[in-house]
J.: 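Quick one: structure below, then a few questions.
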Amino acid sequence: MTLQDSGNVRVRFAPSPTGYLHIGGARTVLFNWLLARKYGGKLILRIEDTDRTRHVEDSVGQILDDLRWLRLTWDEGPEAGGAFGPYYQSERLDLYNKYLDQLLASGEAYYALETPEELGAMRAAAEKATGGFRYPRPDPLPSIEEGLAVRAEGRAVVVRLKMPAADITVDDEILGQVTVAADQHEDFVIQKGDGFPTYHLACVVDDELMKISHVLRGQEHLMNTPKHIALQRALGFSTPRYAHLPVIFNIDGSKMSKRDKEKAIKKGLPPPEIDVHDFRVAGYLPEAVLNFISLLGWSPGEDREQFDLQEMTTLFSVDRIGKTNAKFDREKLQSFNTDWAARLSEDRLLEAYKEYLSANLDGGEISEWVNGPVTDAVLRLILRACRGFRTFRQVDAKVRFLFTADDDIVYDPKAVKKVLKKNDGAGYAMLEDLLNRFEALTEWTGDVLESLLNRVMTEKETKLGHVAQPIRVAITGATISPSIHESLFLLGPEHSLARIRLCLAKREDES
RNA sequence: GCCCCCAUCGUCUAGAGGCCUAGGACACCGGCUUUUCAUGCCGGCAACAGGGGUUCGAGUCCCCUUGGGGGUGCCA
């Protein structure tokens with residue numbers, strides 16, 4: 001990046017509205033966002049909705065939502081507006097048609113009259129014969145009149161670009177020079193039979209009209225770039241700087257596909273997180289997700305790993321982006337999440353927790369726990385009691401007993417056996433003793449409870465575990481919860497005592 | 001098949017010819033702390049894909065092989 005680029009950086013993220021924002025897409029936006037931020041440029045959000053058959057209802061809303069959750073803002077695009085709109089390609093058809101006409105008139109493009117079926121047959125035959133197919137340019141080329149006449153008959157006709165008979169070199173900021181030989185080119189389709197432009201045309205026209213300076217996109221687009229360069233030359237456009245990002249895979253090397261989720265569900269396995277939304281629902285913090293994906297294909301060096309968006313912006317640079325594909329390691333993400341959760345302010349953590357809850361309740365709000373309405377103060381207490389947690393989902397699991405009615409507590413048989421029945425019901429005996437002491441308490445605070453339990457431990461010359469675990473099982477049904485005095489305090493005297501009595505009563509039922 | 005890209009611990013990576021006895025982080029394995037689950041602390045294991053060059057010297061440059069990935073759509 002040279003000095004004269006400063007202030008003129010205009011980058012874009014151009015998703016197709018086919019579902020939630022994919023985690024790989026998130027990294028692409030992030031890098032674009034960082035570049036724009038670093039050089040005081042603009043990030044443009046453009047919706048590439050030229051394939052009506054793949055359009056998914058409301059997915060633009062979902063993508064915008066995911067970006068907001070990540071705190072990645074855009075300067076132009078849906079909701080933001082801008083001087084280069086519209087930002088939906090489906091609303092820019094007249095623009096594409098104008099350039100299409102120009103190309104047709106100058107002879108740089110031509111109508112191709114094969115039906116999809118004919119093309120398919122040609123491809124199949126060629127693949128059988130040589131293993132590969134390249135569209136053979138007709139000789140002579142159909143005239144414009146001919147193309148128009150066929151179209152007038154109601155038959156779908158496509159427009160193809162006449163590729164130049166010369167090598168094309170992509171000057172990539174990450175990969176260096178990549179040359180595709182002249183004999184590898186193919187006259188590709190720029191307008192589909194339904195009158196929509198293909199991705200290539202729309203992309204090139206928009207990048208020019210929107211004055212895009214740098215294109216940072218996935219490496220799966222590398223082989224499209226010579227096509228785009230040819231189109232730019234035919235149209236008299238300039239060529240933006242290109243940087244093709246390495247691809248992100250699953251830990252086993254397979255593609256991170258949205259279909260992995262359906263496959264896992266079919267097998268009865270928990271679905272893996274693939275889309276940004278999945279990570280949100282699973283209880284990850286946007287700070288951690290962003291930090292983690294920034295390190296997939298990029299590194300600031302000097303053994304630095306953890307930083308927020310601001311530091312990232314300072315550290316970011318395109319020449320530190322690597323060429324090697326990366327595998328997505330959820331274990332490391334979890335570790336990052338743990339660190340971020342420990343580092344964030346209470347206010348921010350509370351906000352993030354509420355976002356997590358709302359994503360899981362489909363936008364609804366969690367309203368009641370055993371002791372009444374759920375307030376911010378309650379959520380703060382919960383988060384504090386769960387310090388050291390890895391994801392919000394773990395927080396949920398740990399405090400579920402606070403959202404369960406006394407009669408609905410499910411006692412884990414293993415826990416009951418190990419903690420209560422063992423040693424001739426030593427656990428139950430402990431509970432009976434503790435019940436009396438709890439009933440005598442006039443104050444129910446964490447401190448009071450803690451010192452009471454400590455006293456019991458000393459008196460009985462036993463470990464705290466023998467005191468705490470029976471209570472834990474009695475009030476939660478299982479062996480996992482926040483520290484015992486905090487668990488008791490949060491539950492409150494009424495429910496705590498009720499559950500201990502209930503637990504003791506259940507023992508009698510069984511004997 | 002053809003074209004293109006890539007190659008350091010299991011994973012993410014540092015490494016711009018001597019600073020490399022190859023560094024960090026996650027995971028893993030030990031140990032400590034602990035009231036459960038976590039957390040925290042200490043220690044350990046672990047890599048330059050293979051082969052040729054170039055050079056006084058190669059993880060770093062070149063070539064080949066192998067392996068991985070992408071493209072080869074009227075998808076983007």
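Side chains are part of it too, since the values below use all heavy atoms of this structure and drop only hydrogens, waters and symmetry mates. Lettering follows sequence order; numbering is per chain, from 1.
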J.: Nearest-Å distance, CZ (A:Phe328) to P (B:A27)?
T.: 15 Å
J.: Which part of the nucleic acid does A:Thr462 contact within heavy-atom distance under 4.0 Å: base, sugar-phosphate only, or nothing?
T.: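 Result for A:Thr462 = nothing.
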J.: Side-chain donor-acceptor pairs under 3.5 Å in residues 393-403 of chain A, sequence neighbours left out?
T.:
{"residue": "A:Gln394", "atom": "OE1", "partner": "A:Arg390", "partner atom": "N", "Å": "3.2"}
{"residue": "A:Asp396", "atom": "OD1", "partner": "A:Tyr353", "partner atom": "OH", "Å": "3.0"}
{"residue": "A:Asp396", "atom": "OD2", "partner": "A:Tyr356", "partner atom": "OH", "Å": "2.8"}

J.: For the side chain of A:Lys227 and the backbone of A:Leu161, is there at least one donor-acceptor N/O pair under 3.5 Å apart?
T.: no
J.: Which is it for A:Ser487 and A:Ser481 under the side-chain hydrogen bond (donor to acceptor under 3.5 Å, both in side chains) test, yes or no, and what are the steps along the way?
T.: CA-CA 7 Å; A:Ser487 294; A:Ser481 85; 2.9 Å; yes
J.: Is the CD atom of A:Glu459 crowded by more than 12 outside heavy atoms at less than 6.0 Å?
T.: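 Enclosed.
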J.: Of the nucleotides B:A14, B:G70, B:A76, which one has an atom closest to the side chain of A:Phe249?
T.: B:G70
J.: If the C1' atom of B:G59 is compared with that of B:G18, how far apart are they to the nearest Å?
T.: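 Comparing C1' positions in B:G59 and B:G18 gives a spacing of 13 Å.
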J.: Grab the CZ-P distance between A:Phe336 and B:A27 for me, whole Å please.
T.: 10 Å
J.: Tell whether A:Asp329 reaches the base of B:A27 with its side chain through a donor-acceptor pair below 3.5 angstrom.
T.: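 Check fails, no donor-acceptor contact within cut-off.
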J.: Would you indicate what A:Lys128 reaches in the nucleic acid, counting non-hydrogen atoms under 4.0 angstrom: base, sugar-phosphate, or nothing?
T.: nothing
J.: Keeping the roles fixed (side chain from A:Arg151, backbone from A:Val157), state whether a donor-acceptor pair exists under 3.5 Å.
T.: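 Flag set: sc A:Arg151 to bb A:Val157 pair under 3.5 Å.
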J.: Closer than 4.0 angstrom, basic N to acidic O: yes or no for A:Asp51 and A:Arg54?
T.: yes
J.: I need the A:Met312 CE to A:Arg304 CZ distance, nearest 0.5 Å.
T.: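 Answer for the CE-CZ pair, A:Met312 versus A:Arg304, is 10.5 Å.
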J.: Nearest-Å distance, CD1 (A:Ile229) to C1' (B:C4)?
T.: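 In whole Å, B:C4 C1' lies 14 Å from A:Ile229 CD1.
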J.: Nearest whole angstrom, please: distance from the P of B:G70 to the CG of A:Asn325.
T.: 8 Å
J.: Using a 4.0 Å heavy-atom cut-off, does A:Val158 contact any base of the nucleic acid, only the sugar-phosphate backbone, or nothing at all?
T.: base
J.: Does the structure show a Watson-Crick or G-U wobble partner for B:C29, both distances under 3.5 Å? Name it, or say none.
T.: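 B:G43 is the nucleotide pairing with B:C29.
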J.: Just compare B:A14, B:C74, B:U11 and give me whichever is closest to any side-chain atom of A:Ser299.
T.: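 Output: B:A14.
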J.: Base, sugar-phosphate or nothing for A:Thr476? Non-hydrogen atoms, less than 4.0 Å.
T.: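 Nothing, no nucleic acid heavy atom in range.
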J.: Closer than 4.0 angstrom, basic N to acidic O: yes or no for A:Asp339 and A:Arg343?
T.: no
J.: Would you mind classifying the nucleic acid contact of A:Thr179 as base, sugar-phosphate or nothing, using non-hydrogen atoms under 4.0 angstrom?
T.: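 Result for A:Thr179 = sugar-phosphate.
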J.: Name the nucleic acid region contacted by A:Arg160, choosing base, sugar-phosphate or nothing; use a 4.0 angstrom heavy-atom cut-off, strictly under.
T.: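 Sugar-phosphate, backbone atoms only, no base.
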J.: Ignoring the backbone of A:Thr198, work out which of B:A76, B:U11, B:U8 is nearest its side chain.
T.: B:A76
J.: Under 4.0 Å between any heavy atoms, over every strand shown, what does A:Glu114 touch: base, sugar-phosphate, or nothing? Just pick one.
T.: base
J.: Give one of base, sugar-phosphate or nothing for A:Gln219, where a contact means two heavy atoms less than 4.0 Å apart.
T.: sugar-phosphate
J.: Should the side chain of A:Lys332 and the base of B:A27 be counted as holding a donor-acceptor pair, with the cut-off at 3.5 Å?
T.: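 For A:Lys332, whose side chain was compared with the base of B:A27, there is no donor-acceptor pair (under 3.5 Å).
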J.: Rounded to whole angstrom, note down the P distance from B:A47 over to B:A22.
T.: 10 Å
J.: Using heavy atoms to find the nearest nucleotide of RNA chain B for A:His221 and A:Leu296 separately, return the residue whose nucleotide is more 5′.
T.: A:Leu296
J.: Compare the minimum distances between each of B:C74, B:G70, B:U11 and the side chain of A:Met223, then state the nucleotide with the smallest one.
T.: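 For the A:Met223 side chain, the nearest candidate turns out to be B:G70.
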J.: Counting heavy atoms from C-beta on, name the nucleotide in B:C5, B:C2, B:G71 closest to the side chain of A:Glu220.
T.: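 Taking heavy atoms from C-beta onward, the closest nucleotide is B:G71.
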J.: On RNA chain B, check which nucleotide each of A:Gln177 and A:Leu119 is closest to and give me the residue with the more 5' one.
T.: A:Gln177
J.: Nucleotide by nucleotide, 5' to 3', does protein get under 4.0 Å of the base (B), only the sugar-phosphate (S), or neither (-) in nucleotides 32-50 of chain B, counting heavy atoms?
T.: ---BBBBSS----------
